[in-house]
Number of protein chains: 2
Amino acid sequence: MIILVDAMGGDNAPEDIVNGSMDAINEAEGFDIVLVGDSQKVSRIINERKFDSPRLTVHHAGDVVTNEDKPTKAIRGKRDSSMVVAFRLLKENKGDVLLSAGNSGALMAGALFIVGRMKGVDRPSLPAIVPTKTGSALIIDSGLNTVCKPVNFLQFGIMGSVYMKEIFNVDNPKVGLINVGAEQSKGNDLIKQAHSLLTKSSLNFMGNIEGKDIMLGGVHVAVCDGFVGNVALKLLEGTAIYFFSNIKRILSKNFLNKIAAAIIVKDIKKFSHRLDADEVGGAPILGVKGLVIKSHGSSNAKTIKNVIINRAYALGKTAILKKLNDQFKDWEVEDIEP
Amino acid sequence: MIILVDAMGGDNAPEDIVNGSMDAINEAEGFDIVLVGDSQKVSRIINERKFDSPRLTVHHAGDVVTNEDKPTKAIRGKRDSSMVVAFRLLKENKGDVLLSAGNSGALMAGALFIVGRMKGVDRPSLPAIVPTKTGSALIIDSGLNTVCKPVNFLQFGIMGSVYMKEIFNVDNPKVGLINVGAEQSKGNDLIKQAHSLLTKSSLNFMGNIEGKDIMLGGVHVAVCDGFVGNVALKLLEGTAIYFFSNIKRILSKNFLNKIAAAIIVKDIKKFSHRLDADEVGGAPILGVKGLVIKSHGSSNAKTIKNVIINRAYALGKTAILKKLNDQFKDWEVEDIEP
C-alpha cells in the first residue's frame, strides 16, 4: 500500500508532517509513504535525522495551497501545489490513500473535482470520532456541509454506519439524529423530514438524540448538519481544555494535593489522551471515489504518525470504497456544484 | 417582592418545588413566595415539615399542565392549571416574578399570550449560563427558537448583553456569534447576515467564535439559534457526566488512588458543582413584559431554592425590564405567532 502524504499542508508543515511520516514507518509495517512537496525542504528534514528507508520517497511539488487560498481556485489554479500533485497521483493510481493536514476546503474541492464524487452520493461528508462513556461515536457531518437537505442526513447516516463497521468493527451501528429533544415532534421542518427518511431506511435508527446522548454512548453514529457538528466538536475540544485546566489547578493547589497528583498523574494523562485530537484527529472524506484523509490543521508529528497508521493504513486495508459504492450505486441524485 | 412559584410544574413536583421554596425562605430574606397549585397536596408537604412562615402562602389551582400537553392548547384550555393561574397573578400584578419548572413550550406560550411580548422584540429568548475558564458565559438562544432570522441573532445579542450587565455585573459584555470558523466569510448565508447586523450594532461585538471559544472564556454572550444552543448545552451536560465518571473511575481504581481521592475529593466536588445544572439551572424568558423564569424540568429542591434566590429574587431586584424596554422601544418588528 502506498500512502501519499501532502508534506506542505498544515500549520506545522513540512517539519512535523515529514517527521510524523518517518515515525510511522519506524513504528508500523505494511505501507510505503510518498511525501509530496518541496523536495529540497523535505529532503533536508529527512537527512537531518539520517533517516534512510526504501519505504519513504519524495515526489517534488514546488507550490503550496495555503489556508488563505480560495478552495476551488487553489485546486484549479495551483497545479504544481503539493495537494494538487498528490491528488493527481491518487487519481493515476500511483498511491492508494491521500493524507493532508492542509486547507480543508481545498481538500474537499480536490476530492470532488479531481477524485470525483461517488455515484449516488449527493454530498460527500467529513465525519469526526469522539470518545464516549461506552467507546466511540462518529459525528457526521463535522463541518463540510453547513446547509443540508433531508436526504443528506440519511446519506450521512449510511456513510457513517459503513465507516463504523469497517474501522471500529461495530456490527449494526446505532444511528441517532441530533435534535433538541427526543420526541419525534421536536425540531424544525428540515430535521423532521430527515427523521422521517431515517425511520424508513434500513439503518439501525434509534430516533432523535440530544447533545448529551452522544457523550453517554447511546449511539455509534450521530447525524447532523456540518454547522451543528462543527460547533459540537469545537465545544468538546474547549470543554476538554476547560476540564483539564481545572484538574491541573486542583492538583497543584497545595502540598497535599501535589502528593495526590503524584499518585494519579499517569491515569489522568491516559484519560486526557482519549480526548486529545492529536491522538485521534484524522478522518476520511466519505462519498468520493478515493481514500482522502483530512488530518487537523494543527497536526504535529505525533498526530501525523497516528493518522497514517490508524486511519490511512487502517482504511487502506478495508474494502470501504466498495462497501460505500454498494450502498449508493442505485441512488439517483442531482448534480451538485460545491 | 412576591415570587409566584408554579408548585405543580416539573418532574419532581410538587414535593421538591414546595420543599425548595421553604428552603429558600429559610436561607434568604427580601421576598415572599406564593405557591400556586393543588392546595391540599401543597399544604400537606408544608405541614409535614411543620413549616410556618407568613412569607409563604398557597394559592389554589386544581389543574396541571403536563409535559405531554401541546403548549398553546394548554395555555388556552387549562385555565385552572397552576401555570396559567400563576401567569394570571403575574399579569394582575399580584406577584413580581413567576418561576416554573414545568412544560417549557407552555411556559413560553404563556409568556407570549398572557404576559405579552415586549414592544420591539421579534422573538423572546431563553438563555443559559455556562461556566468558562474565566467566569461565566451566556448562550442565547438555548432552545426556544430553532429557526431564526438574522435580526433575531442581533436581538439575542442585545438581550444577552443587558442580562449579563444586570445579573453578572459585566460592564461592556463581549458578544460573539457562534460559527464554524473565526473568519468573517465562514458559515451559511443566515449567519453571514447576522454577522453583518451585529457588526453594525453598538454591541461590543467580537465577531465569529467557535464552540471552543465559549469554554475558554473569550466572550460573555454567545449568540446562536436555539437549535445550536440546545445541542451545545446538552452536549456540555453530557461531557460533564462523561468527565466526572472517568475521574471517579480513576479515583477508585486501587488503594493508592483512593488515598489521592481522599485528599482532593472536596476540591473535585467544588469544581463539579460549578457544572451542576442544579446549582445554576434557571433563566428568564427575555423579551416579554414580565419576569418569567424557567427552571429545568428535573429541578430538585436544591435547584428550586437556588433559582428562587439567585435568579427570581436577584432579577426582581434589578431594573432589567426597564433596561430591555429602553433597548427595544424604537424597534419596528412584525407580529409573530409562535
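In what follows, every chain begins at residue 1, and chains take the letters A, B, ... in the order their sequences are listed. Worth saying up front: this structure is predicted, and the values here are computed from it rather than measured.
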Where on B/Val147 is there a heavy atom nearer than 4.5 Å to chain A: the side chain, the backbone, both, or neither?
-> side chain
Please walk me through it: do A/Val231 and B/Val231 pass side-chain contact (heavy atoms from CB on, under 4.5 Å)?
-> CA-CA 9 Å; A/Val231 171; B/Val231 171; over 6 Å; no
If one checks every heavy atom of B/Leu216 against chain A at 4.5 Å, the contacting part turns out to be side chain
Could you work out all donor-acceptor pairs shorter than 3.5 Å where one atom is in chain B and the other in chain A?
| from | atom 1 | to | atom 2 | distance (Å) |
| --- | --- | --- | --- | --- |
| B/Glu210 | OE2 | A/Lys234 | NZ | 2.2 |
| B/Lys212 | N | A/Lys234 | O | 3.1 |
| B/Lys212 | NZ | A/Glu237 | OE2 | 3.0 |
| B/Lys234 | O | A/Lys212 | N | 3.1 |
| B/Lys234 | NZ | A/Glu210 | OE2 | 2.1 |
| B/Glu237 | OE2 | A/Lys212 | NZ | 3.0 |
| B/Lys253 | NZ | A/Asp267 | OD1 | 2.7 |
| B/Asn257 | ND2 | A/Asp267 | OD2 | 2.9 |
| B/Asp267 | OD1 | A/Lys253 | NZ | 2.7 |
| B/Asp267 | OD2 | A/Asn257 | ND2 | 2.9 |

Of all heavy-atom pairs linking A/Ile264 and B/Ala260, the shortest is CG2-CB, 3.8 Å
Name the region of B/Ile178, side chain, backbone, both or neither, that has any atom closer than 4.5 Å to a heavy atom of chain A.
-> both
Please state whether the side chain, the backbone, both or neither of A/Phe243 comes within less than 4.5 Å of a heavy atom of chain B.
-> both
If one checks every heavy atom of A/Leu251 against chain B at 4.5 Å, the contacting part turns out to be side chain
With a 4.5 angstrom heavy-atom cut-off, could you sort out which part of B/Phe271 is near chain A: side chain, backbone, both or neither?
-> side chain
What part of B/Leu256 lies closer than 4.5 angstrom to a heavy atom of chain A: side chain, backbone, both or neither?
-> both
From the list B/Ile241, B/Ile259, B/Val130, the residue making the most non-hydrogen contacts under 4.5 Å with chain A is B/Ile241
Portion of B/Ile209 that has a non-hydrogen atom of chain A nearer than 4.5 angstrom = neither
Which atoms of B/Ala261 approach chain A - backbone, side chain, both or neither, heavy atom under 4.5 Å = neither
Region of B/Ile191 that comes under 4.5 Å of a non-hydrogen atom in chain A = side chain
Rounded to the nearest 0.5 Å, how far does CD1 of A/Ile214 lie from CG of B/Leu235?
-> 5.5 Å
